[in-house]
Structure formats: structure tokens, C-alpha cells
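Please read the structure below before turning to the comments.
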Amino acid sequence: MTNKQKLELTWIGKDKRPKLEPRILLEDVARSYHAKHRVTDKDIFDNRLIFGDNLLALKALEQEFSGKVKCIFIDPPYNTGSAFTHYDDGVEHSIWLGLMRDRLEILRNLLSNDGSIWITIDDNEAHYLKVMCDEIFGRKNFVSNVVWQKRISPDNRLRLGGAHDSILVYQKNKDQLPFKQLPISIGRRKDFKNPDDDPRGPWASTDCTAQAGHATPNQFYILTTPTGRIIELPSSLCWRFTKERMEAEIRAGRIWFGKDGKGVPRKKTYLSEREGQNAWSWWPNSEVGHNQEAKKEINELFGAANAFDTPKPERLLERIIYLTTGEGEYILDSFAGSGTTGAVAHKMGRRWIMVELGEHCHTHIIPRLQKVIDGEDKGGVTEATGWKGGGGFRYYRIAPSLLEKDKWGNWVISKEYNAAQLAEALCKLEGFSYAPSDTLYWQQGHSTERDFIYITTQTLGADQLQALSEDVGTERSLLVLCAAFRGNPERFTNLTVKRIPSTVLSKCEWGHDDYSLKVQNLPMSQREEEKSQKKFSHPSLFDDQEV
């Protein structure tokens, strides 16, 4: 393999990508939920729970949240076979890889420059997923494969039962600041002693020698201990410090030579000077919980009859969120499951976004979050975080496709869209921020401070275009999307005029609502519906002919 070659993962349909429609999100106020009063000044009310296909939901979020999410945690389907009962191995593997690739690419766009993504997975797909993530996030941005001990005892059904899940960790940009340190654990505190009654308090020691490979000349010297013992290191080793630095550390009482003063020197690290301890890649269930603990948390909320198959313990999410985010920062989970990510993020004062398509969004997630908001959830990390309730969330569903076929097979604007929703949807399609002006009817959105968009279902005449051009002026520009127009709009240098049919029809896969794990969603060489996207008409709204 040459330096220019790189390892890539290949599967059936990899080169076929969906042309996703960037849908708008519609709030269902009846399902949104907020505390009846503020509990603290830090209460957060703008969290988002989105019901619908998570690939469409991520695409809907992309414009507003690109570069804003500090931490992403996802617990995707593990592709163990249970989710693909009727598919052969080759097809199921390709579908799973395609599902993950399409979602991970958008998730990367959503991450802030100093953000990170954490993906739980088991051995069945972990190694394939690692190679694919190297392509998407960059191999240099791989942080670690965290090993989470999910069980408390062996699985007696198997000769070599799995005791762990992997959590693949990537940063958007590994050059950014590292993760926070964890609080020093009780177990680690026991490592700090004070055998010499040092007035600075308990300390732990580390070796003062190092490998000689990259040492400087002043790291090679003979050292004499306070009792007169001469220590000369082998040629393969050197001292960690220069001779001058070592002598200064000895004078300061920060070097330990053993109880008899004759030992090889060790550097003292004082407990009082430690702000925390670095996390490592082994996460035992004693520290972050296990499957049985997670099921117990769900059972206490909903009863055993309504148990959830594979929840994650709140302590696991607490550690990830603590390491990666600060108060008020965004964490996103697009495979929300039972809602653990949102529940823990809420208790920790973070903003959260969750996406879930299953009906348990209504049977588990919403009731769970309501208990958290009302201060009625006493389990999980409630006590550890000091949670007392408060805040809220908004519930959204994904809007239907902007275009639908009429009884003649022609693509038309969906009847479910009102004028405001149509304007918002077309703003998103054209890359504009939807922001209707209170004073100027033609300012419905903007891409810059001087570039605006105007959407109308009318046919615009030459006089109307002239009036628009004069109103916009020479310092601004306006994209006009209309049913049709009269005259030659090119004479207005500050206007770009387009008919809505021709400007939207070829942009997306219209009417596609399901990008889930189904064999019919396997990418094809060319979809039949793409062939039919040749004509657009709606007699009540649009005339596809220039007047």
C-alpha cells in the first residue's frame, strides 16, 4: 500500500446516496411539556424531542444546528440478527452500513469544532464501524475504544460470553482541548498516603526514570541519594528531569527515596494539588452501571410490565456528558430509545435534542421526561446531580414531504402545507434562514444581511416586479420564487426570479418518508420515482407556463 492509498470499507450500495429532503419541523404543543414554574435561573425550556425517521430528522436539523452540538451519543441497532429476521447476512450487513454512513455524515456536520461523538456497539459490527468512522471523521480524530463492562456475571448460555460493549469515540477536531478530568474516585484517593508526614498532605509517587530514546544530554547523570548511595542508570534509561531540576525538587522535599533514604527516587504528586484524574478506556460497571441497573431504573419508572429491552444506565451517560460538555451546551441522541440521554442531560443542566421513531417515544420517553421535569424521578443520577425538577421540552414531528402526486401522477404541493409552512420549507430548500419581517412583506428569509427571499403562489406581472425591484434597492438582492411571471425579469439586476416548479423538482427525493432498516430501502441504480419526476402541475396554485 502506497502513502497515497487509504483503507476503505466497501459494501453493496455504498456509492448510492439518498437525496434527502430537508423537511421542516412542526411543533405539537399538546405533547410539549414544561414545568409550571421556574425552579432555578438556569432552567432550560428549549430542548427538543423529535418524532420521526431519524435520517430525515437529522437533515431537518442540519441547517440550524451545524457546528453547534458539543456531544453526540448514539446507541444504534447492533445488527445482531434480531432486527433483520427475514434478510440474509449479506443484505443485512449492507443495509446496516448504509444506514449508519448516511446518518454519521450528517452527525459530523452537526458537531461543533471542539465536539465529540460516542457510539455504543458490540463485537458484531464494531470493527466495520471503526473503519467506516475513520473515513467519515478522519482516522487522526479517533480518540479511543472505551470498553464498558455491561454485565455483572458471565452469560452461561455461551462458552465465551460477551461481558462488554464498545464505545467508539471520535472528536471533530482532535487538535481542540481534551476532555475534562473526572473527580478523583474514592478508590484512587486511597492511593495517596503520607508516610513521611509531609506538611503538604497525602501524596502518591511516580517513577523518576524514563526511556533514553528521545532524551537530551542533560538527562544523563549520576545521582547521589541523601544517604550517600550512588545511582547510575543503565544506558537504556535516563532521568525524567535535568540535574538542575532534580536538585530543586529534592530541596523542595518533592522526591521520595524510600523509608531508608536509599531507594531509587520517585516524584511526589499531592492530593491537594490534583483537580481530578484522567479518564481511561476501561469503564467497569462499578463506576458507570450495567444492564441490570439500567433495567431497574426503567422498571421503577414504568413497572416491569413496560420494561425496555436495552436501556443504558444513567451513570454511563452521566460520565460521557460530564467529560464532554458544560452547562447549557447541546447533546444530541438520534437513537433515543427509552430517553436516557435526555433525562440525564436535563438533570445535568445541558440542552438536549433527541430523535425517536418508535411508539415508545410516547409510551416511555415523554412520561419519563415529565417525571424528570416535575421532580418525580428519584432514581438514576438524580441524587448525584442534586436535581429538583424544572425546565421543559418541545415536541416536534417531521413535516410531510413538500411535494405529493395528484391523481394524474403529477407532482404538486402537499395540501397539508399552509402559506407560512410553504415559505419556511422553500427557505430551507434554498439555503435561507426563515425569518419573516414584520414590516416588509417580501422579506421572508435571508442568507446574508443583504440577500433575501420572497415566496408567493401568485403570478407576478412586470409592474409588480418593477415595484419589488424599487423596494429592494441597489444595496440588497432578492430571490423571488413564484408560480409564474410576465415579462423579462433579467432586466432587474437586484432580483433573481424563478418559477417554483422548476426550482424545486430536481432537488430531492420527494414523498420518501422511510429510511429505516428495510430491504426495500437498499439503494438502487435508479429509482422508478426519479424517472417520473419530470412534470409538475397544480391547477389551483401554479401555472407551469411563462405568461
Side-chain angles (χ1 to χ4, degrees), residues 142-149 152 163-164 166-167 169 171 174-289 315-316 318-320 322-324 384:
F142 173 68
V143 177
S144 181
N145 175 13
V146 172
V147 179
W148 167 47
Q149 185 189 19
I152 58 174
H164 75 280
S166 293
I167 306 177
V169 186
Q171 286 182 261
K174 206 172 180 180
D175 294 332
Q176 295 295 309
L177 293 175
F179 305 130
K180 289 186 292 188
Q181 289 187 315
L182 294 172
I184 299 176
S185 66
I186 295 176
R188 176 61 176 143
R189 286 176 180 272
K190 293 178 181 179
D191 294 335
F192 289 81
K193 312 288 185 182
N194 195 359
D196 59 348
D197 295 324
D198 193 311
R200 285 161 289 208
W203 50 266
S205 66
T206 53
D207 192 0
C208 282
T209 65
Q211 294 296 317
H214 299 287
T216 59
N218 56 5
Q219 288 178 260
F220 296 93
Y221 50 88
I222 297 173
L223 185 144
T224 303
T225 71
T227 59
R229 179 193 170 191
I230 296 176
I231 301 176
E232 185 173 0
L233 296 176
S235 59
S236 60
L237 295 178
C238 66
W239 297 108
R240 279 175 55 194
F241 312 122
T242 64
K243 185 175 182 180
E244 293 75 18
R245 167 76 185 279
M246 180 70 82
E247 291 173 349
E249 295 286 350
I250 293 172
R251 288 195 299 272
R254 291 176 176 268
I255 300 296
W256 172 245
F257 290 94
K259 291 183 178 180
D260 59 2
K262 298 179 180 180
V264 176
R266 296 180 65 84
K267 175 73 168 65
K268 292 181 180 181
T269 301
Y270 295 93
L271 179 61
S272 61
E273 297 174 354
R274 290 287 300 271
E275 295 181 358
Q277 66 184 66
N278 292 336
W280 62 337
S281 60
W282 166 240
W283 290 11
N285 54 41
S286 59
E287 295 180 5
V288 296
R315 285 196 290 161
L316 177 67
E318 180 191 28
R319 171 168 288 191
I320 293 172
Y322 178 85
L323 286 173
T324 59

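The pair K193-D198 fails the salt-bridge criterion, with no side-chain N (NZ, NE, NH1 or NH2) lying under 4.0 Å from an Asp/Glu carboxylate O. Using a 4.0 Å cut-off between charged nitrogen and carboxylate oxygen, R254 and E273 count as a salt-bridge pair. With respect to the salt-bridge test (charged N to carboxylate O, under 4.0 angstrom), the residues R315 and E287 do not qualify. The pair K262-D260 does not count as a salt bridge, with every side-chain nitrogen at least 4.0 angstrom from each carboxylate oxygen.
Put simply, the side chain of Q277 never gets that close to the backbone of L182: no donor and acceptor are under 3.5 Å apart. One N or O on the side chain of W148 and one on the backbone of G289 form a donor-acceptor pair closer than 3.5 Å. Although no hydrogens or angles enter the test, the distance criterion places a donor-acceptor pair under 3.5 Å between the side chain of W283 and the main chain of W280.
Between K268 and D196 there is a side-chain heavy-atom pair separated by less than 4.5 Å. Counting heavy atoms from C-beta outward, I255 and C208 have side chains that approach closer than 4.5 Å. Contact of the W282 side chain with the V146 side chain is not registered, since no non-hydrogen atoms from C-beta on lie closer than 4.5 Å. Between F142 and Q171 the shortest side-chain heavy-atom distance does not fall below 4.5 Å.
Pairs of residues two or more places apart, or lying in two chains, that qualify as salt bridge (Lys or Arg N to Asp or Glu O under 4.0 Å) and include a residue from residues 230-246 are R245-E249.
Partners of T225 by side chain to side chain contact (heavy atoms under 4.5 Å, CB included), not counting sequence neighbours, listed by chain and number: L223, T227, R229, I231, F257.
How far CD of Q219 is from OG1 of T209: 11.0 Å, rounded to the nearest 0.5 Å.
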request  = May I have the step-by-step check of side chain to side chain contact (heavy atoms under 4.5 Å, CB included) for M246 and K267, ending in yes or no?
outcome  = CA-CA 10 Å; M246 180 70 82; K267 175 73 168 65; over 6 Å; no
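Aromatic ring centres of W203 and W256: separated by under 6.0 Å.
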